[in-house]
Amino acid sequence: MRSRAQVHFGVFFQGVNHTTIWSDPASGSQIDFETFRRMITTAERGLFDAFFLGEGLRLREQDGKILDLDIAGRPDAIAQLSALAGITEHIGLVATQNTTYNEPGDLARRLAGLDILSDGRAGWNAVTTDNAWTGENFRRGGFLDHELRYERAGQFIRTARAIWDSWADDTNAPRHVDVSTSQFDISLDATLPRSPQGHPVIFQAGDSPTGRDFAAANADVIFSGHGTHFDDALAFANDIRARLLAAGRPADDIKILPGTQIVLAEKASEVEDKRRWVLDGQYTGQTALSLVGQVWGRDLSDLDPDGPLPADDPVPAPISVTRGAARDGKDPIAIAKDWRALAEAKNLSLREVVIETSARSGFVGTPGQVADELARWVRAGATDGFNISPYIVPGGLDEIVDWLVPELQERGAYRTEYTSTTLRGHLGLREPLTRRQNTETDGSAAG
Amino acid sequence: MSVFALGIELDGEGSHPAAWRRAHHPPSESLSGRTLAQKVRAAENAGFTLATFDDSIVPPHAGLRARVDAVNRASFVAAATSTIGLVPVVETTYAEPFHTSSQLATLDYTSRGRGGWIAARVADPAAARAWGRTALTDGADLDREQRDSITVVRDLWDSWEDDAVVRDYASGRFLDRDKLHYVDFEGETFTVKGPAIVPRPPQGQLVVLGTEADRELVDVVLVNEPDRDAAVDAASRSDGLTFIEIAVTLDTPGTSATERLAALNQYERAKSSRLEYAGPATGFAELLTELAAHTDGVRLFPTVIDEDLPVLARYVLPALFKSGVAHRPVPGSSLRGNLGLARPANRHARV
């Protein structure tokens, strides 16, 4: 039990899927700077650790056509966060950036630039992709073998750290960086010194055993998918702690911040209505048909969302028809079977099945109820905090900051002012991994 | 000429390699956001139409090894300024055009339509090693990457029509997918599928600057000639907009421009292939007034920003505004607007 543990909040500005409701009058432009200014200003007022941006490398498609039901269009993460750095003072700025369709010499430099301009508030959510479909927008083109994605990602992060660390604290004479690995052949002089936090904080989201080991070896923070069920979150956290120890790191060396949704109502009697209202906005009839169409592998937009699921089985497609969606890789026939059983057992319509199976429950309740629950999770060591995805952008953070944060503060479970100026400091992280030992970390170690 | 645009290069501490010795802040502050914002605000306040930010993945030179990339610098000041155009250098030889397009379109959103782009070739093989790519040193290869990169970046900026977001409650559609377009670009060394991930930028197309060799592809040709007459000739040859580049050193209170240059050259000599001016503010205002008859603007390279910018702000620009040779940019208007360029229709738009 960590009775004094504090809840850490980040806001994940994802935007481009059905969980962000665009049909509400409070929903602002998905791209205008004012939307981002308002979100980050609110988050900073709420003493959040970090503001996250996702990454877009190709617009999502379904059945070979651009998906038109969800919000689409987003800024380049680093350029946007740099602009936001210019109008904020404390909050961390985390950019999701791919290790497959970037090169370390360039990306390490851009992340370090954000870190310097923000006085040590930058973070990098390092993600991997292996599909050739995304590669169609890039010079390297095609495909990275699935097994190679973590190999490349590991080499990428080690190379980035070698670049960031090549400039020692007390000198203006950085070491030359030479990296020669299976994925990279690079020789450069870094153009930036260390920032007040050493170098950017590294976030990682992989969940497979390989992904977890990768995080235990490389990450400072895990942006996990285990934010709905307490037991599941605790098991995940314990697993990560074990892997950290195995990797020779202290058990608390990684902060775990699961993504979640928080729905608040001022009175207990209003909670269920609010929950239902959010789900209705997220799962419109058309969205439900689209999600079922992803499983069945064909266009079902002519069906009645309030009618039954399709009677026939999905036809397995040789490649996934929906690009950039969550269900990639799961067996559609098994999903369909589960869904039909659920529909029969509870007498549910197609849309109700989608809501029942897809909805992220996250946390729902009055501010006091949710504050109790979040504090319990963090004090029990199931997480260190939460990455909140607001269901309405930009106004969806207001209730969290105005209602929930004060409740957490009353419980002694949330900071009442920023006590650090860097992202690493907000999160209570140790020095960057590469800066703790006395061992030389030169570029050639980046194998 | 209806427009005479005043541009200023704000990379580092000035165009002289020893400029950092004369900066008005400690070296530890040279990279900070505060120092950067102070310089850009001073230029905006003085009435400059645009600020440019040089860049390379390779350290600038032996005396100054540190530099934040230009897109980050332009972006950092975007929301904290209101009228000045923000124009980073982004190279075309090794960078990913898809990322370049997204970064610059984002700058145009954060600056509310004040973004530009100096598209630059990189001949230094050290840049290829830093990128981990095969070095291109042949002029034809550099020209090809420049052409293909500018072309596909422009294609991507037009890949969303302005009214592609429909938010149609009845049909549940956020987008009209008929107003999004694959670019299907096939160059010699790369292909790009599209559409862009960022919707069409506020200016439609950002202002693109390049060299005379790029004149078919760019909005503004930068003229880099050491001789005044040659610069004027080059400016007159071009159909589109031209800016003459000038390295400028001005008299400061108590010290002449010549003395200032001599002192800096003791440390390291400046190398410039541009038109140069060293002397009093009045003479510089006269030179700019003459040039205004032949070119659409200038890009000034102050020798030491902290010393020359205050003189430009106090004496040179006010003289040009007073005589009507140049005008302050209008708050709230786009960089295109301040250069007299129309907002281009989208190539896919049905009239």
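Atom set for the values below is all heavy atoms of this structure, side chains included, hydrogens, waters and symmetry mates excluded. So you know, we letter chains A, B, ... as the sequences are listed, proteins then strands, and number each from 1.
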With a 4.5 angstrom heavy-atom cut-off, which part of [X] approaches chain B: side chain, backbone, both or neither?
X: A:Ser301; value: neither
X: A:Leu84; value: neither
X: A:Ala190; value: backbone
X: A:Glu103; value: side chain

Interface residue of largest heavy-atom contact number with chain B, from [options], under 4.5 Å:
options: A:Ala85, A:Ala83, A:Gly105; answer: A:Ala83
options: A:Ser82, A:Pro104, A:Pro193, A:Ser118; answer: A:Ser82
options: A:Asp189, A:Leu81, A:Thr284, A:Ile87; answer: A:Asp189

(request) Name the member of B:Ala127, B:Ala128, B:Ala126, B:Ala95 that forms the most heavy-atom pairs with chain A at distances under 4.5 Å. (result)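 It is B:Ala95.
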(message) If you count heavy-atom pairs within less than 4.5 Å of chain A, which of B:Val68, B:Thr35, B:Leu156, B:Asn72 leads?
(response)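 Top option by heavy-atom pairs under 4.5 Å: B:Asn72.
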Hey, does [Y] have a side-chain heavy atom less than 4.5 Å from the side chain of [X]?
X: A:Trp167; Y: B:Arg65; value: yes
X: A:Ile186; Y: B:Arg129; value: no
X: A:Leu192; Y: B:Leu31; value: yes
X: B:Glu96; Y: A:Asp106; value: no
X: A:Arg109; Y: B:Ile57; value: yes
X: B:Trp160; Y: A:Ile31; value: no

Is chain A contacted by the side chain of [X], its backbone, both, or neither, given a heavy-atom distance below 4.5 Å?
X: B:Glu91; result: neither
X: B:Asp55; result: side chain
X: B:Val77; result: neither
X: B:Ser149; result: side chain
X: B:Val165; result: side chain
X: B:Tyr94; result: backbone

Under 3.5 Å: donor-acceptor pair, side chain of [X], backbone of [Y]:
X: B:Arg177; Y: A:Ile66; result: yes
X: A:Asp185; Y: B:Gly132; result: no
X: B:Arg112; Y: A:Asp32; result: no
X: A:Asn137; Y: B:Gly194; result: yes

(message) Students often mix this up, so state it plainly: with edges at 30° and 60°, are the rings of B:Tyr169 and A:Trp22 parallel, tilted or perpendicular?
(response)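 It falls in the tilted class, 30° to 60°.
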(message) For a side chain to side chain contact (heavy atoms under 4.5 Å, CB included) check, start with the C-alpha distance between A:Leu69 and B:Arg173, then their side-chain angles and the critical distance, and finish with the verdict.
(response) CA-CA 4 Å; A:Leu69 300 177; B:Arg173 290 178 314 140; 4.2 Å; yes
[X] and [Y]: which non-hydrogen atoms are nearest, and at how many Å?
X: A:Arg139; Y: B:Pro97; value: NE-CD, 3.8 Å
X: B:Val198; Y: A:Pro75; value: CG2-CA, 4.3 Å
X: B:Arg167; Y: A:Ser27; value: NH1-OG, 3.0 Å

(message) If the contact rule is any heavy atom under 4.5 Å from chain A, which residues of residues 99-111 of chain B qualify, in numerical order?
(response) B:His99, B:Ser102, B:Gln103, B:Thr106, B:Tyr109, B:Thr110
Decide if atom [atom1] of [X] counts as having more than 12 heavy atoms of other residues, nucleotides or ligands within a radius under 6.0 Å.
X: B:Gln38; atom1: CD; value: no
X: B:Glu29; atom1: CD; value: yes
X: B:Tyr182; atom1: OH; value: yes

How long is the span from the [atom1] atom in [X] to the [atom2] atom in [Y], to the nearest 0.5 Å?
X: B:Phe76; Y: A:Leu114; atom1: CZ; atom2: CG; result: 9.5 Å
X: B:Phe174; Y: A:Asp68; atom1: CZ; atom2: CG; result: 11.0 Å
X: B:Ser75; Y: A:Leu117; atom1: OG; atom2: CG; result: 9.5 Å

(message) Could you work out, with side chain to side chain donor-acceptor pair (under 3.5 Å) as the rule, every residue matching B:Asp176, not counting sequence neighbours?
(response)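 None.
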